[in-house]
Amino acid sequence: MSDMEPLLAAEGVGHVYAGGQLGCADVSFQLYPGEILGVVGESGSGKSTLLACLSGAIRPEMGQVRFDVGRQGLRDVYALSEPERRMLMRTEWGMVHQNPRDGLRMNVSAGGNVGERMMNVGARHYGQIRTEALDWLNRVEIAPERIDHLPRTFSGGMQQRVQIARILVSKPRLVFMDEPTGGLDVSVQARLLDLLRGLVRDLGVAAVVVTHDLAVVRLLSDRLMVMQGGRVVETGLTDRVLDDPQHPYSQLLVSSVLQA
Amino acid sequence: MNATAGSGEAFLSVDGSYNFAYLDEQTKRMIRRTLLKAIAIPGYQAPFGGREMPMAYGWGTGGIQVTASIIGMDDVLKVIDQGADDTTNAVSIRRFFRRVAGVQATEETADATIIQTRHRIPELPLTEDQILVYQVPMPEPLRRLEPREAETRKMHAYAEYGLMHVKLYEDIARHGEITATYDYPVEVNARYVMAPSPIPKFDNPKMQMMPALQLFGAGREKRIYAVPPYTQVKSLDFDDHPFKTQVFADPCGLCGAEGVFLDEVILDDKGDRMFVCSDSDHCRGRREAGHVGPRAAAAAALGYPDSEGDEA
């Protein structure tokens, strides 16, 4: 691990919204290839602001976000030119939104959604795009005969799986997930998590997973960051933090989960 | 009127009330500058200060402004609408320029120096001495895929055209082929994706390496773009679903022409119909040269084609 270059490095990242509302402050961490970092905390704790800062959506007012662009070493994401950053978002990065409507083109078929990233980088062979799209729909357990159906004819869980296929098809090195199982019922959640865990492990993708659901991070993430009031209050290996929380807020969070 | 401009250039009026070619000299100058920019960056939509014209948007206000800016006293103007010289839009635009510019008008493609067109490219190959001016209703080829203007401009700037192929993919996935038949998107000079205006895709190959200068004016959207002579214009497609034009089973009913774009004409209320050249000048030329189509007799019995030309 020590001779490995980090994939993503945040250094003192902080953002204050117009009007003085604190989004997040002084967040630092390093993410290595293939590693999954969970970010938990209650609503308003700055999780989503942090994710937006990391994923290129909001330029943080303080600190730096650096990414190993094109395996050429760490570069400040916000110092990249806009076309470079957009290219990064469409190729080496992926974003799984909580609401699949934000991540899918709802008026384009499932196959078209999955094929878009290939076409973005110059795929111009219909047959190959289709074969690849079928393969990916199969990997997220969507029946091949549904390839030409619009996402709105799919259930919430299926939409979420199409969204995942759409991103993973470009073999990204880093995926950001914002409440990937939010709004799904528990049995669907369990299957989706199982699927995600398998895919992410197979591909060796690194991920930052933001959620308020401790079960999600327990299953997916290697390391955990607990946030409160825009700041990181505790970090550590996931099992360590969940089984032996040190910070009072972490203890509260862990003890708040109902044991079924 | 003959007032004198600051540059010493004489203003000139044909009918005693309007400046030559309707637009004032400053406006023409502004449009010419935009035209130069558009020609310098083939396929790029250059914004311009579009003026109100004495006709409604959608009737060719963009094309008219372009024509008005480039037309001179020696020019010979041809105006076509859906390939025909005798349709309302063509007749009124021709009349407009005869009044405000006093130029000679023609219906013969070969004689024209400027051809303003809506929906067609003439069948006769154009030459280096001609300029083709298109009337464009929707200049942005990405508009239906991406409604945000700021975003489409970025997509053009960074050449992010994957979305255009998503549209073509959807066509093939649903219908087995690319179903766009008009305004079929093209890539100009291996850079910009451009809307060729609503010409049938049948005409797209004519744009490739065309010797004539092609200018596109969109009045409502206030955009001008251009394809300089001898420029690569490639219709977008997939490697395994190449671009194809429409094919017509029968020749033109009046002149027997093959390999031209045909319009359907209903002959009676019993379902009888025929297909005739969309390019009326091309059809007339062939008939005058003695070509007779399979339906010529039946059409003549119905008084078609109407032999009376308009005032041009």
Side-chain angles (χ1 to χ4, degrees), chain A residues 56-57 80-91 93-94 101-134 136-137 142 144-153 162-163 165-167 169-170, chain B residues 41 43-44 140-180 184-194 201 204 232-244:
Chain A
L80 296 174
S81 69
E82 195 178 10
E84 279 180 309
R85 193 160 61 243
R86 287 168 66 106
M87 187 52 126
L88 187 69
M89 289 170 149
R90 286 183 291 130
T91 53
W93 285 5
R101 280 178 180 74
D102 299 332
L104 291 175
R105 292 190 187 278
M106 297 306 280
N107 53 355
V108 168
S109 68
N113 266 294
V114 177
E116 179 174 347
R117 279 186 162 220
M118 289 183 264
M119 294 184 247
N120 275 338
V121 294
R124 294 291 179 264
H125 191 284
Y126 176 81
Q128 283 165 8
I129 293 167
R130 198 153 170 93
T131 310
E132 186 87 7
L134 270 171
W136 271 97
L137 288 175
I142 286 177
E145 61 268 23
R146 303 217 58 180
I147 185 171
D148 293 331
H149 293 193
L150 292 180
R152 80 169 112 82
T153 66
V162 175
Q163 196 191 178
R166 168 185 162 87
I167 288 158
V169 68
S170 69
Chain B
I41 318 172
Y44 168 73
E140 178 51 74
L142 302 166
R143 177 62 66 238
R144 282 176 191 224
L145 308 165
E146 174 53 66
R148 292 168 294 175
E149 172 67 19
E151 186 65 16
T152 54
R153 286 200 205 182
K154 278 184 188 171
M155 290 162 80
H156 282 295
Y158 307 148
E160 295 175 358
Y161 292 128
L163 200 51
M164 203 79 238
H165 273 84
V166 173
K167 156 86 173 58
L168 302 182
Y169 169 93
E170 286 292 289
D171 272 0
I172 301 173
R174 284 183 203 171
H175 309 291
E177 58 179 352
I178 298 172
T179 49
Y184 190 104
V186 292
E187 182 192 75
V188 180
N189 202 25
R191 175 60 179 84
Y192 281 94
V193 166
M194 182 187 95
K201 68 177 177 182
N204 272 21
Q232 289 281 358
V233 178
K234 184 183 172 299
S235 302
L236 298 182
D237 59 5
F238 284 104
D239 297 345
D240 48 344
H241 284 263
F243 171 78
K244 278 190 287 238

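Values in this document were obtained by computation on a predicted structure and should not be read as measured data. Each chain gets a letter, A, B and so on, in the order the sequences are listed, and its residues count up from 1.
- Taking chain B as the reference chain and counting heavy-atom pairs below 4.5 Å, the highest number among A/R130, A/E82, A/M118, A/M87 is found for A/E82.
- Counted by atom type alone, B/D171 and B/T179 present one or more donor-acceptor pairs between their side chains at under 3.5 Å.
- Residue A/R90 touches chain B through its side chain alone, counting heavy-atom pairs closer than 4.5 Å.
- Of the two parts of B/H241, only the side chain, counted from C-beta on, holds a non-hydrogen atom closer than 4.5 Å to a non-hydrogen atom of chain A.
- Ring-centre distance between B/H156 and B/Y44: not below the 6.0 Å cut-off.
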Exercise for the section: Verify side-chain contact (heavy atoms from CB on, under 4.5 Å) between B/I178 and B/K201, making sure each step is shown before the conclusion. Expected result: CA-CA 11 Å; B/I178 298 172; B/K201 68 177 177 182; 5.6 Å; no
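- Of the atoms belonging to A/N107, it is backbone heavy atoms, and not side-chain ones, that fall under 4.5 Å from chain B.
- Comparing A/D148, A/V121, A/N113, A/I147 by how many heavy-atom pairs each has under 4.5 Å with chain B, the most go to A/D148.
- Residue contact with chain A, scored on non-hydrogen atoms closer than 4.5 Å, involves the backbone and the side chain of B/F238 alike.
- A donor atom on one side chain and an acceptor atom on the other are found under 3.5 Å apart for B/D240 and A/H125.
- Chain A forms more heavy-atom pairs under 4.5 Å with one residue of B/R174, B/K167, B/E160, B/M164 than with any other, namely B/E160.
- Contact annotation for B/L236: neither backbone nor side-chain heavy atoms come within less than 4.5 Å of a heavy atom of chain A.
- Using a 4.5 Å heavy-atom threshold, the side chains of B/L142 and B/Y161 count as touching.
- At least one donor-acceptor pair under 3.5 Å links the side chain of A/R166 to the backbone N or O of A/G103.
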